[in-house]
Amino acid sequence: MTAFSLPFKPIILKPLALRREQAKLLYSGVRAVVASSGMYMERPVVEFLRRWQNEQEVMTLAVLNPMKQTKPEILQDTDLAGPLAFCLALGAFLLLNGKVHFGYIYGIGVVGCLGMYFLLNMMSMDGVSIGVTVSVLGYCLLPMVGVSGLAVIFTLKGGIGLVATLLSVFWCSWSASKLFVTALAMDHQQPLVAYPCALLYGVFALLSVF
Amino acid sequence: MYASRRRDRPPPPEDFAASYGYAGGYAPQYGAQEQEPPLLFDDPNNPNPPMGYSSYNPGGFSYAPMQSGMPMGNVFQNPLIAGVASQYGQNLMGQGKEMVDQHLGKYSQKLQNLKYYFAVDTKYVVKKIGLLFFPFTHRDWALQFSKEEMVQPKHDINAPDLYIPTMAFVTYIFLAGLVFGLQNKFSPEQLGMHASSSLAWLCLEVGLILVTIYLTNLSTDLVTYDLVSYCSYKYVGCELCEFRSCLEWPLQGTILCLRGTRDEFIS
């Protein structure tokens, strides 16, 4: 590598990051300064791109921000590590509340995911894979995990708990239905997809509250 | 700077030969010999290979098998065994997939039929639930047909569907759990028991109707899916009762408050 005399220090990215970088460029539309050998980027560009997240963070942010428009591409690489982590976190918070419900979380999760998979394949023109279903439903469990964490401090049977639980069920099902509808391009059916998600998260809420 | 996070480093080599020199997975601190591959057979040239850990005696078990030169570590790190195992696994998966496709092929037509019952949209669902609660002003109950086939539920409010029944069933179970919870009698296994028993009663009811149709030799266009659909519409009404039960405790609280204020101000 010849040394350029630049006012800032250039950052050399390893070739194995090429695919990730190309994906970032595709999504963010930023043109980088590419040298003939390897990828050579200006520091401000890299600092900008470093705020780009991996798949887990993208999905988590999509769940936490249901008002924002999501791109259908984020559902192309579905991963199951995030959902697994969230389910374990839910079980851990319930454990802090004195309830050992890991088996019920697993059972209800599996049955709920299979039911949603069946329903979505019946209702949509082009089907959805089980991986996408499990991934979306698992990621959208995050507000419920938050509420069960709240239950360590407040009791959920009071007024504030009721409001928080209802809000979280609504939030979870809204995010899940938004992601499903984005992925499957279903029209006029978002409330129909939101309702079974609300039922599933309502059952999780029953586990957390009672 | 350079990628320092684990996920940004290049992945470790996946070929087993590279990990071959790790002495079959034994931890180095047990004094494994330098780069000694695990042997699966007696080497005639070297019948007694040096075994640095044959003197290690965990828990007092006899280690006579270990002295024959067979490692008891992970045998799948041998590339031959790993190759054969993966090939076998792939064959099994291929065969399994073929069998599944073969058996499921005959169900694909039934699944297509089932898709008809889920072709609903929000407007249909709202109107149908309204019809279920207030059927008194509806005049035209006939099903519409187009080309000998029933019109999709999206376009005909009288057509049976299976979306509302499924959702009604699950909501019924969920609300039952909620009512139990409000009475401090909730346990998660109760949900499963309630769901199983409701499903059994539903199957019994649909089965009775089918048997009756058969015994009385009725000629009808009804199929089983239609019967399930019509028999499950009742859960929507059940939910109204459950919802009223949910309100029991707040309702009693409100009544007590009102009584209290009345007694205070009037008596």
Side-chain angles (χ1 to χ4, degrees), chain A residues 9 11-17 20-21 43 46 50 54-56 94 99-105 107-108 111-112 115-116 118-125 127 156-157 159 162 165 169 186-210, chain B residues 1-5 7-11 111-126 128-129 152-154 161-164 166-192 194-196 225 239 246 249-250:
Chain A
K9 186 173 176 187
I11 294 167
I12 303 162
L13 292 167
K14 291 197 173 158
L16 281 167
R20 183 189 290 269
E21 287 305 325
R43 182 187 272 278
V46 174
R50 193 164 281 154
N54 57 12
E55 292 97 25
Q56 282 96 343
L94 288 181
K99 304 171 186 164
V100 189
H101 284 334
F102 287 98
Y104 294 122
I105 295 173
I108 293 171
V111 170
M116 268 321 280
F118 169 74
L119 191 72
L120 287 174
N121 276 321
M122 288 292 124
M123 277 175 63
S124 66
M125 287 296 123
L156 285 180
K157 294 186 189 177
L162 179 69
T165 315
V169 169
M186 298 161 84
D187 54 336
H188 304 298
Q189 285 178 328
Q190 183 169 357
L192 297 189
V193 175
Y195 186 67
C197 297
L199 283 178
L200 174 65
Y201 294 123
V203 174
F204 279 116
L206 275 184
L207 278 187
S208 305
V209 173
F210 295 115
Chain B
M1 294 302 145
Y2 295 102
S4 60
R5 283 180 285 199
R7 65 165 185 262
D8 294 324
R9 290 196 208 119
L111 278 178
Q112 272 310 109
N113 289 345
L114 194 55
K115 266 200 171 191
Y116 159 83
Y117 292 94
F118 286 95
V120 292
D121 62 352
T122 321
K123 206 161 62 88
Y124 168 84
V125 169
V126 170
K128 189 78 178 203
I129 292 182
Q152 276 187 346
K154 263 196 274 214
D161 72 314
L162 279 176
Y163 173 83
I164 293 179
T166 341
M167 294 302 117
F169 183 75
V170 181
T171 315
Y172 171 69
I173 308 295
F174 166 70
L175 281 180
L178 189 63
V179 166
F180 278 126
L182 286 173
Q183 295 167 355
N184 287 327
K185 287 192 277 191
F186 178 76
S187 85
E189 62 211 3
Q190 224 174 42
L191 280 178
H194 198 65
S196 313
Y225 290 145
E239 276 148 34
C246 285
W249 176 75

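Each chain gets a letter, A, B and so on, in the order the sequences are listed, and its residues count up from 1.
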Query raised in the report: Measuring from B/Thr166:OG1 to A/Phe118:CZ, what's the distance to the nearest 0.5 Å?
Result: 7.0 Å

Requested in this report: Please examine the side chains of A/Leu207 and B/Pro188, heavy atoms only from C-beta on, and report whether any two atoms are closer than 4.5 Å.
Outcome: yes

Query raised in the report: Contact part of B/Phe186 toward chain A, heavy-atom cut-off under 4.5 Å: side chain, backbone, both or neither?
Result: side chain

Report task. Quick one: closest heavy-atom pair of B/Asp121 and A/Gln189, and the distance? Result -> CA-CG, 4.4 Å

Report summary line: Residues at least two apart in sequence or cross-chain that pass side chain to side chain contact (heavy atoms under 4.5 Å, CB included) with A/Tyr195, listed by chain then number, are A/Leu199, B/Tyr163, B/Met167, B/Thr171

Query raised in the report: Say you draw a straight line from CZ of A/Phe210 to CG of B/Leu182; how long is it, rounded to the nearest 0.5 Å?
Result: 4.5 Å

**Report entry** Portion of A/Lys157 that has a non-hydrogen atom of chain B nearer than 4.5 angstrom
**Finding:** side chain

Query raised in the report: What is the minimum heavy-atom distance between B/Lys115 and A/Ser124, and which atoms define it?
Result: NZ-O, 3.6 Å

Report task. Search all heavy atoms of B/Phe118 against all heavy atoms of A/Met123 and return the closest pair with its distance. Result -> O-CG, 3.5 Å

Requested in this report: Return the option, out of B/Leu178, B/Leu162, B/Val125, B/Ile173, with the maximum number of heavy-atom pairs under 4.5 Å with chain A.
Outcome: B/Leu178

Query raised in the report: More than 12 heavy atoms of other residues, nucleotides or ligands under 6.0 Å from NZ of B/Lys154: is that the case?
Result: yes

**Report entry** Segment of B/Leu191 engaging chain A (4.5 angstrom heavy-atom cut-off)
**Finding:** side chain

Report summary line: Ranking A/Val111, A/Leu119, A/Leu200, A/Val209 by heavy-atom pairs under 4.5 Å to chain B gives rank one to A/Leu119

